[in-house]
Amino acid sequence: MADMHATDGSADGTADDSAALDAAAFDEVVEFTSGLIRIDTTNRGGGDCRERPAAEYVAERLAAAGLEPVLLERTPGRTNVVARIEGTDPSADALLVHGHLDVVPAEAADWSVDPFSGEVRDGVVWGRGAVDMKNMDAMVLAVVRAWARAAERGQDCWPRRDIVIAYTADEEDRAVDGSGFLADDHPHLFEGCTEGLSESGAFTLHTGPGRALYPIAAGERGTAWLKLTAHGAAGHGSKPNGANAVSRLAAAVARIGEYEWPVRLTGTVTACITELAALQGLSVNPHGRGFDLDELLAKLGPAAALVEATVRNSANPTMLNAGYKLNVIPGHATAYIDGRMLPGGEAEFIATLDELTGPDVRWEFHHREVALEAPVDGRTYAILRESVERFDPTAHVVPFCMAGGTDAKQFSRLGITGYGFSPLKLPPGFDYWSLFHGVDERVPVDALHFGVRVLDHALRTL
């Protein structure tokens, strides 16, 4: 590994903001975001993806910064990159910073630009992955390379902790070729890591004139993708059939789709609700008698989007498969359900599915990953919050729980606590939520510059 040892930026260990960044860092974050977008890493599921060209792209740039990136594959072409930066304090726990290289499909006919052009127009970088999450991949590259250049100038700017950088494959499917493979087969690469930073946090959510929220993800619902199977008696479509597999399955799917899950407030969601209410001048006790969640959400306006999808377990039917000829009743039928479980909600989820499917339909986990929660009252969250507020004094930072999931689930197998922290300062009217897996995905250049500043400060202060 390169020699990464240096002194802290100040006596109390707080990073010196003037030490690391140069003009090249701001040029490179745009160049790298655009360059990664131009590498088509569409993940269609079922193994249909090839991340290797993007992995080689980031590995080459990490190596130019003096690191020794390792390329790892479970399946040919499904490439991951891992590198370690040595911190200034050998006794400190290590920090994982990870981002995925794959993206979801994009239908070019629906877009204003070629989704894999990486076009930079009117101060905005366009293309699939601009938000999810080649922007963060590029920010990490730009920051690390800026540190290396600063060291060449004789400036002390390396982080206190070892930082393990991981670029993963397969996050947009089941992560079996990506973070799951790394956690299970190469845990030694993450030795000493206790915390991790990745996507979906510290972006601007404008909720009213002059009010800019920056939600930091401190939790994720668990993944529960389900396969339902109904068996029955095959027969002629013209005859009565009391054991019709399609009817049995359809009834179960309808019960699941119509079920209203009860409200369950986790620690992260409770903290989020409390802080959002305080910003509205409201004092609430989410666990107190008479608390009305729906009434509060109505008062929160756009900020309600941070919590309304994470106050319950959920199960949404997404796929059906039955039959092979119109006048033949098939002997079996299958369906798939996208289920999500709150932290601590798995037992309730399983019991409810047993009840809703009934005796004639069997269900199983097609893919299952744990729910996560991270502390919001400790040093790490405080530094992440301070890092955002340092570069946007108008910021209101709040914790939130993600409705979906990230690679943090797989890395949690190694005892790594994950936070969603990919900072972006976005202008009013910029609909960040809709661009995830959406049409005309894009990110402002100014937002990338903000992210580089915040990420640099956070990583060197942590």
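Hydrogens, waters and symmetry mates play no part in the numbers below; they use all other heavy atoms, side chains included.
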Using side-chain heavy atoms (C-beta onward) and a distance below 4.5 Å, is [X] in contact with [Y]?
X	Y	answer
Phe450	Leu426	no
Thr270	Thr266	no
Leu226	Glu364	no
Arg248	His231	no
Ile256	Leu228	yes
Thr168	Leu182	yes
Leu213	Leu276	yes
Tyr214	Thr204	yes

What do the steps show when you test Phe430 against Leu424 for side-chain contact (heavy atoms from CB on, under 4.5 Å), and what is the final call? CA-CA 11 Å; Phe430 192 92; Leu424 295 171; over 6 Å; no
Would you mind checking if [Y] and [X] are paired as a salt bridge, meaning a charged N to carboxylate O distance below 4.0 Å?
X	Y	value
Asp162	Arg84	yes
Glu195	Arg161	yes
Arg413	Asp184	yes
Arg264	Glu348	yes
Asp407	Lys409	no
Arg174	Asp170	no

Checking the side chain of [X] only, and the main-chain atoms of [Y] only, is there a donor and an acceptor separated by less than 3.5 Å?
X	Y	answer
Thr41	Leu101	yes
Arg221	Pro343	no
Thr310	Val307	yes
Arg160	Ala92	no
Thr274	Pro286	no
Thr268	Ala218	yes
Asp456	Leu21	no
Arg211	Ala395	no
His100	Asp102	yes
Asn80	Leu72	yes

If you look only at pairs with a residue in residues 429-445, which of them pass as a salt bridge (Lys or Arg N to Asp or Glu O under 4.0 Å), with sequence neighbours excluded?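 For residues 429-445, and leaving out neighbouring residues, the salt bridge (Lys or Arg N to Asp or Glu O under 4.0 Å) pairs sorted by first residue read Arg128-Glu441.
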Are [X] and [Y] an aromatic pair by the rule of ring centers under 6.0 Å?
X	Y	value
His98	Phe411	yes
His186	Phe181	yes
His366	Trp225	no
Phe203	Trp433	yes

For Glu191, look at atom CD and say whether over 12 heavy atoms of other residues, nucleotides or ligands are found less than 6.0 Å away. no
So for atom CD, which belongs to Glu355, do other residues, nucleotides or ligands contribute more than 12 heavy atoms lying within a distance under 6.0 Å?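 For Glu355, atom CD is not crowded (no more than 12 foreign heavy atoms under 6.0 Å).
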Would you check, one step at a time, whether the test side-chain contact (heavy atoms from CB on, under 4.5 Å) holds for Tyr57 with Leu36? CA-CA 8 Å; Tyr57 181 97; Leu36 284 167; 3.6 Å; yes
Start with the C-alpha gap between Gln410 and Ser179, add the side-chain angles, then the distance that decides, and say whether side chain to side chain donor-acceptor pair (under 3.5 Å) holds. CA-CA 6 Å; Gln410 285 75 29; Ser179 56; 3.1 Å; yes
Between [atom1] on residue [X] and [atom2] on residue [Y], distance to nearest 0.5 Å:
X	Y	atom1	atom2	result
Cys193	Leu96	SG	CG	5.0 Å
Leu448	Met139	CG	CE	6.0 Å
Leu279	Glu275	CG	CD	7.5 Å
Thr380	Arg385	OG1	CZ	12.0 Å
Trp158	Ile163	CH2	CD1	9.5 Å
Ile216	Ser200	CD1	OG	13.0 Å

What residue among Leu356, Val361, Thr318, Leu320 forms side chain to side chain contact (heavy atoms under 4.5 Å, CB included) with Val253?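 Looking at Leu356, Val361, Thr318, Leu320, the match for Val253 under the side chain to side chain contact (heavy atoms under 4.5 Å, CB included) is Leu320.
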With a 3.5 Å cut-off and no angle check, do the side chains of [X] and [Y] form a donor-acceptor pair?
X	Y	answer
Thr75	Asp177	yes
Ser34	Lys134	no
Thr79	Glu73	yes
Glu220	Thr406	yes

Least distance between heavy atoms, [X] atom then [Y] atom:
X	Y	answer
Val397	Glu389	CG2-CG, 4.1 Å
Pro444	Pro427	CG-CD, 4.1 Å
Tyr167	Asp137	OH-O, 2.8 Å
Ala25	Ala146	CB-CB, 3.9 Å
Ile383	Ala458	CG2-O, 4.3 Å
Ala166	Phe190	CB-CE2, 4.2 Å

Take Glu172 and His437, measure what side-chain contact (heavy atoms from CB on, under 4.5 Å) needs, and give me the verdict at the end. CA-CA 10 Å; Glu172 295 291 3; His437 299 190; 3.3 Å; yes
Let me see the working for Glu386 and His457 under side chain to side chain donor-acceptor pair (under 3.5 Å), right down to the final yes or no. CA-CA 10 Å; Glu386 185 273 334; His457 175 77; 2.9 Å; yes
Would you mind listing every ring pair (Phe, Tyr, Trp, His ring centres under 6.0 Å) that reaches into residues 251-278, with sequence neighbours excluded? Tyr259-Trp261, Trp261-Phe349
Leu384/Leu197 under side-chain contact (heavy atoms from CB on, under 4.5 Å): CA gap, chis, key distance, verdict: CA-CA 10 Å; Leu384 298 179; Leu197 304 181; 4.0 Å; yes
